[in-house]
Chemist: 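Structure incoming, see below.
Protein chains get the first letters and strands the later ones, always in sequence-line order, with residue 1 at the start of each.
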There are 2 protein chains.
Amino acid sequence: MLKKDEMPSIPTLEDVARASGVSTATVSRCLNAPDRVSEKTRKRVMKAVQDLGYAPNFGAQALAAKRTNTFGAVIPTIENAIFARGLQAFGEELHRAGVTLLVASSSYDPAREEEQIRALVARGADGLLLIGHDRHERCYDFLERRQIPHIAAWVYDSGCDRLAIGFDNREAMTALASEVIGLGHRRLGYITAEIVGNDRARARLEGVKAAMAEHGLDPDTLIVRGTEYSFQEGADAFAEIMAQPNPPTAVLCGNDVLAVGAVKQALNLGLRVPQDVSITGFDDISVADIVTPGLTTVHVPHWEMGARAAQMLLQLRNGEDRPDSVRLDTYIARRGSLGPPS
Amino acid sequence: MLKKDEMPSIPTLEDVARASGVSTATVSRCLNAPDRVSEKTRKRVMKAVQDLGYAPNFGAQALAAKRTNTFGAVIPTIENAIFARGLQAFGEELHRAGVTLLVASSSYDPAREEEQIRALVARGADGLLLIGHDRHERCYDFLERRQIPHIAAWVYDSGCDRLAIGFDNREAMTALASEVIGLGHRRLGYITAEIVGNDRARARLEGVKAAMAEHGLDPDTLIVRGTEYSFQEGADAFAEIMAQPNPPTAVLCGNDVLAVGAVKQALNLGLRVPQDVSITGFDDISVADIVTPGLTTVHVPHWEMGARAAQMLLQLRNGEDRPDSVRLDTYIARRGSLGPPS
DNA sequence: ATTGTTCATGTCAGGGCTTGCATTGAGTTA
DNA sequence: TAACTCAATGCAAGCCCTGACATGAACAAT
């Protein structure tokens, strides 16, 4: 209970110093480099810190120390689960290193992403996790000028020399599409998210076309529907594709969210999966195993990707040598949603 | 391309001032109150800002201005979708008001939550969104002393006078359980998350027991399994419950994630839902409609809750009167997973 | 010509913390 | 005891920005 006029002012380092009879420098050291202070003093100071409920002023601290022990991540969406697992891993790994993670979401909007990057950096992020490589050169200039370590996840593109950890989206999708075609499917549909500003989506689409070309199918016959990422959008797009005359026997989806929506829709339309139509996803998020039938999809090592991204970024932040980009492997998780055409 | 030794130092206000031949104060005004500066000067200054790639130093700005236009949210988990939608709404609404949202996750760990609250406040959050009321008094002291506006979401408890927006978890669950019992179910199972430090989970469990008592069933006969939140954990807990001698005819779950896991498991076990066993959830997240059969669950107005939380917090931050806590309504979303016992 | 107004702009004192360097004093060695 | 270490601590200069206040020029009113 606070008494009437006791304006509850926020304690500062100086208050702590006064209360424990030392200088502010010593208090600061107690907090940041405890072993450079005698145990006796430290105890006394810590008690004062407790008693006063002192917490450092972040602004002042950042200003003086030029670091914050905070990393940031800008992801396209938090509303669906695509990045959740990797992000969680990223966060856990950082936590272990005493670093706080702040997350911002861009809603797949490049302008918004740039804004969020700036916001995070302005707030003192010592390192940044980004998704994909597709952003304005200006963003990179900004980060480089401030020497903010950053890493792109969910992509690995040997043609790009920016630091990245991920997998080859194109190749992974080619592998899956090849399997689909190998089962005998000739008429294919594809549901994708907006490909502008999304290199992963673009690469995946290319991957499908590459597989088609490779197997002697004309990539232009691929029926493509672009949409947003949500179960509902996936379902709608699927319905549209299947409403075509001579509909495809297999519909590949740019990610699991779309695919799960598609599977659900197939059920609604009275189509049997995979007898009447096969459906595949990408990402292997947990919901892929929830629909019936389970989704055949590209398994992505989310946890490893997030955790290693954290390690690499920490390494960078600590001034160690820039690590090499990491290419992770994906594999096809085979469940019930893909079968031969009948 | 940077030349050899040109250490790319970060431009400060002073650099901009020098480059444009004005004082730092004028530059500051250009950025924060453009109409108090003549157009000619402003243009010149803005050009310098562009040319130098200036961006204000957040720490210094926070230190000097004592505000940041940043709100924070600490949610228990980002790995599953329970809070995603509400959070997205919260963020959108803030964005509209020019406020940046920073998100931290506590992994359902109270100590971690406290840490995150401090981290966010230290980083200058002008307002905070929290989930539930269940936290150490110390957290509240901390927030009050710093006069940080904060609001609890996902709860409405008339017995608690802290600002909140949400629904009555207990009552909502009682309504659902009553419906289950009303259909004739007598042996009930319940899957919940850890109830320590989670008032929502606790209230929901109480809700089930209250409904039982109300309908003349002995609450102690409720078969309860506690677990973590994930599809898999839900599935496992469900299997355990059903392995009992004389298993329940209906299993209620503390949230949709658990429930979806349970439905999937039922399928695996060859149990028909709802003929052999009914299953219900709570939250009505999008995946509730993905499983087969669809999940009967308590619908929560996620979007409205998030958006209004933002409005209330903004109101508070702007020094307006403290709004009243808001009680939102829930309803039962009836899908296929609940039916009479057979 | 004098005084008063009004703007645009400049000056400068913080704001809370870290850190390089200086100081102190207890302990060691000769 | 004197000289020397070295760990513990203090001092004070920033870090970059904001905002209250001061200044001064242009113009209007008298």
Side-chain angles (χ1 to χ4, degrees), chain A residues 7 9-46 48-49 52-70 118-119 121-124 126 145-147, chain B residues 7 9-46 48-49 52-70 118-119 121-124 126 145-147:
Chain A
M7 161 62 174
S9 75
I10 301 166
T12 69
L13 244 211
E14 194 172 345
D15 297 327
V16 177
R18 201 175 314 122
S20 48
V22 298
S23 72
T24 58
T26 299
V27 179
S28 170
R29 276 186 290 253
C30 268
L31 267 21
N32 301 309
D35 42 314
R36 299 191 45 207
V37 173
S38 74
E39 177 160 353
K40 215 177 70 196
T41 315
R42 198 189 327 148
K43 280 222 174 105
R44 194 152 33 95
V45 170
M46 286 314 198
V49 167
L52 296 174
Y54 170 80
N57 175 306
F58 176 77
Q61 195 169 347
L63 190 55
K66 301 175 185 304
R67 62 174 163 55
T68 61
N69 280 326
T70 304
R118 284 175 179 274
V121 169
R123 277 162 188 77
D126 291 337
R145 150 165 292 206
R146 308 204 168 219
Q147 316 209 41
Chain B
M7 160 66 173
S9 75
I10 300 165
T12 71
L13 244 210
E14 192 172 346
D15 297 327
V16 178
R18 199 173 319 122
S20 48
V22 299
S23 73
T24 58
T26 299
V27 179
S28 172
R29 276 187 292 254
C30 270
L31 267 20
N32 301 311
D35 43 314
R36 300 191 44 211
V37 174
S38 74
E39 177 160 353
K40 216 177 70 196
T41 315
R42 195 185 332 143
K43 282 226 174 98
R44 195 152 32 97
V45 171
M46 287 314 198
V49 167
L52 296 175
Y54 170 79
N57 175 306
F58 178 75
Q61 196 169 332
L63 189 55
K66 300 174 188 306
R67 61 171 165 55
T68 62
N69 279 325
T70 303
R118 284 175 179 274
V121 169
R123 275 162 190 77
D126 292 337
R145 152 166 291 209
R146 308 204 170 217
Q147 316 208 41

Chemist: State, yes or no, whether a side-chain contact exists between B:Leu31 and B:Met46 at a heavy-atom distance under 4.5 Å.
Modeler: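 A side-chain contact exists here, since the closest heavy-atom pair is under 4.5 Å.
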Chemist: Please check the phosphate of C:dG10 (OP1 and OP2 only) for any side-chain N or O of B:Thr26 closer than 4.0 Å.
Modeler: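 So the side chain of B:Thr26 is within the cut-off, an N or O lying under 4.0 Å from OP1 or OP2 of C:dG10.
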Chemist: May I have the distance from B:Glu14 (atom CD) to D:dG14 (atom P), rounded to whole angstrom?
Modeler: 13 Å
Chemist: Within the structure, does a side-chain N or O atom of A:Gln61 lie under 4.0 Å from either OP1 or OP2 of C:dT18?
Modeler: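 A:Gln61 to C:dT18 OP1/OP2: side-chain N or O found under 4.0 Å.
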Chemist: For B:Arg18 and C:dG10, what is the distance between atoms CZ and P respectively, to the nearest whole Å?
Modeler: 14 Å
Chemist: Between B:Ala25 and A:Thr41, who's closer to the 5' end of DNA chain D by nearest nucleotide?
Modeler: A:Thr41
Chemist: Looking at B:Asp15 and B:Thr12, would you say the former's side chain and the latter's main chain have a donor-acceptor pair under 3.5 Å?
Modeler: yes
Chemist: May I ask you to evaluate whether A:Thr12 reaches the phosphate of C:dG16, defined as a side-chain N or O under 4.0 Å from OP1 or OP2?
Modeler: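 Negative; the distance criterion is not met.
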Chemist: Starting from P on C:dT9, measure out to CG on B:Asp35 and report it in whole angstrom.
Modeler: 13 Å
Chemist: Whole-Å distance between C:dG16 C1' and A:Tyr54 OH?
Modeler: 7 Å
Chemist: Do any side-chain nitrogens or oxygens of B:Ser38 fall under 4.0 Å of OP1 or OP2 in C:dT9?
Modeler: yes
Chemist: How many Å lie between CG on A:Asn57 and P on D:dC16, as a whole number?
Modeler: 16 Å
Chemist: When you measure from the side chain of A:Arg44 to the backbone N and O of A:Ser20, does any donor-acceptor pair fall under 3.5 Å?
Modeler: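 Yes; at least one donor-acceptor contact below 3.5 Å.
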Chemist: Using whole Å, report how far CZ of B:Arg36 lies from P of D:dT18.
Modeler: 13 Å
Chemist: Please state whether the phosphate of C:dT18, meaning OP1 or OP2, lies under 4.0 angstrom from any side-chain nitrogen or oxygen of A:Ser28.
Modeler: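 For C:dT18, OP1 or OP2 has a side-chain N or O of A:Ser28 closer than 4.0 Å.
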Chemist: Counting only side-chain N and O atoms of A:Asn32, is one of them less than 4.0 Å from OP1 or OP2 of C:dT18?
Modeler: yes
Chemist: Looking at D:dC16, C:dT11, C:dG16, which one has an atom nearest to any side-chain atom of B:Ala60?
Modeler: D:dC16
Chemist: Would you kindly check whether a donor in the side chain of B:Arg29 faces an acceptor in the base of C:dG10, or vice versa, at under 3.5 angstrom?
Modeler: yes
Chemist: Base, sugar-phosphate alone, or nothing: which one does A:Val22 contact when heavy atoms must sit under 4.0 Å apart?
Modeler: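 Answer is sugar-phosphate: A:Val22 comes under 4.0 Å of backbone atoms only.
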Chemist: Quick one: CG on B:Leu52 to CZ on B:Arg18, what's the gap to the nearest 0.5 Å?
Modeler: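 B:Leu52 atom CG to B:Arg18 atom CZ measures 9.5 Å (nearest 0.5 Å).
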